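Positions are given from 1, in the same order as the sequence printed here. Predicted, not measured: the structure shown is a model, and the values here were computed from it. All ligand and atom numbering here is 1-based and tracks the order in the structure.
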Amino acid sequence: MAINNVKGTHDIIGKEADTYAYVENVMGQIASFFAFQPVRPPVLEYSELFVRGVGEGSDVVRKEMYTFLDKADRSVTLRPEFTAGIVRLIVQNKLIPVNELPLKFYYCGPVFRYERPQLGRYRQFNQFGVECIGHGSAYADVEVIALAYTMLQSLGLENVTIKINTLGDEESRNNYRAALKDFFKDKVANMCGDCQNRYEINPLRILDCKVPEDQEIVKNAPKMSKYISEASQKRFQDVLAALEEMEIPYEVDDTLVRGLDYYSETVFEFHYVSKKGNNYGAIGAGGHYDKLVHELGGPDVPGVGFSFGVERLVSVLSDDELLPDLSMSLAAYVMPIGIDSYKYALNVADELRLLGYPVDICFDDVKLGNMFKRAEKKGARLALIVGEEEIKNNTVIVKNMESKEQITVSFEELGSKCEEILAGKEEK
Ligand code: AMP
């Protein structure tokens with residue numbers, strides 16, 4: 001019996017894989033323009049990293065992690081997000097003391113969450129994101145938001161809505177947490193089991209509950225904005241003013257809390273509705289974090305970052321027909337006549353490939369007519385025919401598939417002749 005892929009994973013094949021590479025390249029290039037460097041943390045980390053980093057109160061840690069014991073009985077986890085791993089990498093490699101701050105990194109790769117698979121929601125998906133660590137300025141937040149916005153614009157996405165909010169500093173959050181505990185005290189017994197847990201671990205998470213009956217209760221909960229300290233209010237106003245200055249549109253949404261526990265001060269999400277009216281929800285999200293680096297054993301420095309779901313980006317780009325034609329046309333199709341010509345055919349293909357032309361070879365012992373049909377189907381511009389005679393004379397028959405003209409060239413002049421024909425400069 002055939003074996004299928006694991007539920008919630010998906011295969012990315014051929015042209016689709018090209019579109020992933022395109023999206024990742026565009027974003028990587030913009031990240032370099034903003035002076036971010038690439039980083040590749042491992043997929044596998046000790047589970048404690050995410051429990052301490054992402055937080056026991058988050059759904060990701062409580063319900064969605066791929067955690068197992070390795071052969072030495074250590075608990076390891078397939079990363080459910082990148083930020084904790086990058087902070088671990090920075091702390092472990094002692095990058096903070098020896099570098100000018102902030103450290104600016106970008107990353108891309110698969111993450112794993114045991115969620116209920118549905119449209120746009122996978123158990124293994126890809127994220128592209130950045131972290132800027134070691135500078136607490138409100139303007140570091142703005143630069144990171146501007147980077148994300150520039151990436152989306154460079155991909156051609158116009159209908160982006162940036163939702164933004166402040167969670168305030170530690171004092172603000174402690175006060176708000178106390179207010180939420182007070183509000184939910186006599187209601188939590190009638191709420192879902194998750195909310196009962198959240199009430200104990202991190203009542204802020206209750207605001208994220210998706211159960212309709214609980215959402216009705218949440219509607220009347222105290223608003224976060226009332227509990228934000230003066231310093232955090234001022235910081236947030238600085239962020240908003242700078243966004244306005246940069247003409248980056250935003251909507252303040254004081255219900256935005258984000259699902260990961262490490263955030264403080266600015267948090268934001270990028271939402272997208274395609275031209276066809278399909279609402280993709282959040283295609284990316286991020287925020288500032290004050291305590292994460294310290295929490296993971298590093299110095300007491302803040303950071304800010306975001307992450308985009310590459311699958312969602314590819315979906316919206318395809319929906320809005322914003323993906324460029326990435327197909328690379330085949331310059332030549334090498335057609336060896338008989339098995340004895342295969343070795344020579346490899347040399348012929350190599351000659352053109354080294355000049356930068358995409359070349360394919362027919363390794364099926366089929367009739368010449370059949371090979372021509374294949375060359376046409378593949379969109380090859382040249383057919384290069386080699387048989388016994390050509391091997392003996394060290395030559396190649398070059399046929400222009402469009403004009404149907406055919407010449408015999410020596411192996412030495414193969415590259416230059418093909419270049420002439422492909423550039424449309426051949427002599428008549
Ligand atoms: P988060 O790390 O939860 O802030 O998510 C960042 C982005 O990753 C989201 O805005 C989505 O675009 C994407 N994402 C999150 N969960 C999934 C999932 N299960 N499947 C596909 N994309 C996801």
Side-chain angles (χ1 to χ4, degrees), residues 5-12 16 19-20 23-24 27 41 43 45 49-50 53-55 57-66 77-87 106-131 144-145 147-149 151-152 155 157 159-165 167 204-205 207-208 210 253 256-264 266-274 278-289 292 303-319:
N5 63 319
V6 172
K7 188 176 174 190
T9 67
H10 65 127
D11 301 316
I12 306 168
E16 201 187 1
T19 65
Y20 276 69
V23 169
E24 290 159 9
M27 296 180 107
V43 169
E45 298 274 6
L49 174 70
F50 302 112
V54 179
S58 66
D59 280 359
V60 169
V61 169
R62 282 192 314 107
K63 296 193 286 192
E64 297 169 1
M65 294 215 296
Y66 277 88
T77 294
L78 296 175
R79 66 176 171 224
E81 60 106 56
F82 271 87
T83 307
I86 290 175
V87 170
Y106 73 90
Y107 60 79
C108 183
V111 296
F112 303 81
R113 292 184 192 174
Y114 198 83
E115 295 190 81
R116 199 163 60 80
Q118 49 190 292
L119 195 70
R121 195 169 285 287
Y122 301 93
R123 288 182 172 170
Q124 177 180 338
F125 58 100
N126 292 280
Q127 285 193 331
F128 186 109
V130 310
E131 304 297 339
V144 158
I145 295 171
L147 165 56
Y149 189 63
M151 286 173 169
L152 297 176
L155 289 168
L157 295 169
N159 282 349
V160 179
T161 306
I162 303 177
K163 292 191 178 184
I164 190 165
N165 191 23
L167 302 178
L204 239 94
R205 291 273 78 78
L207 305 179
D208 255 354
K210 301 284 179 290
D253 177 351
L256 189 69
V257 289
R258 309 283 308 119
L260 314 171
D261 281 355
Y262 47 68
Y263 289 119
S264 53
T266 319
V267 287
F268 48 87
E269 283 184 355
F270 299 88
H271 287 247
Y272 198 79
V273 180
S274 75
N278 294 330
N279 188 347
Y280 285 89
I283 52 173
H288 174 97
Y289 42 88
L292 182 61
V304 55
F306 65 75
S307 196
F308 280 105
V310 182
E311 275 74 3
R312 295 209 189 151
L313 283 173
V314 168
S315 298
V316 297
L317 287 167
S318 137
D319 214 16

Q) Hey, is the main chain of V61 close enough, under 3.5 Å, to the side chain of K63 for a donor-acceptor pair? A) no

Q: Run through ligand 1 for me and note each protein residue having a heavy atom under 4.0 Å from it, chain first, then residue number.
A: R113, E115, G120, R121, Y122, F125, Q127, R258, A282, I283, G284, A285, S307, G309, R312

Q: Let me know which of R121, H10, Q127 forms a side chain to side chain donor-acceptor pair (under 3.5 Å) with E311.
A: H10

Q.
Is it the case that the side chain of R123 and the backbone of R113 share a donor-acceptor pair, with hydrogens and angles ignored and the cut-off at 3.5 Å?
A. no

(Q) Closer than 3.5 angstrom, by distance alone: can the side chain of D319 be matched with the main-chain N or O of S274 as a donor-acceptor pair? (A) no

**Q.** Polar side-chain atom of N159 near backbone of V273 as donor-acceptor pair, under 3.5 Å
**A.** yes

Q) Is there a donor-acceptor pair under 3.5 Å between the side chain of R312 and the backbone N or O of Y272? A) no

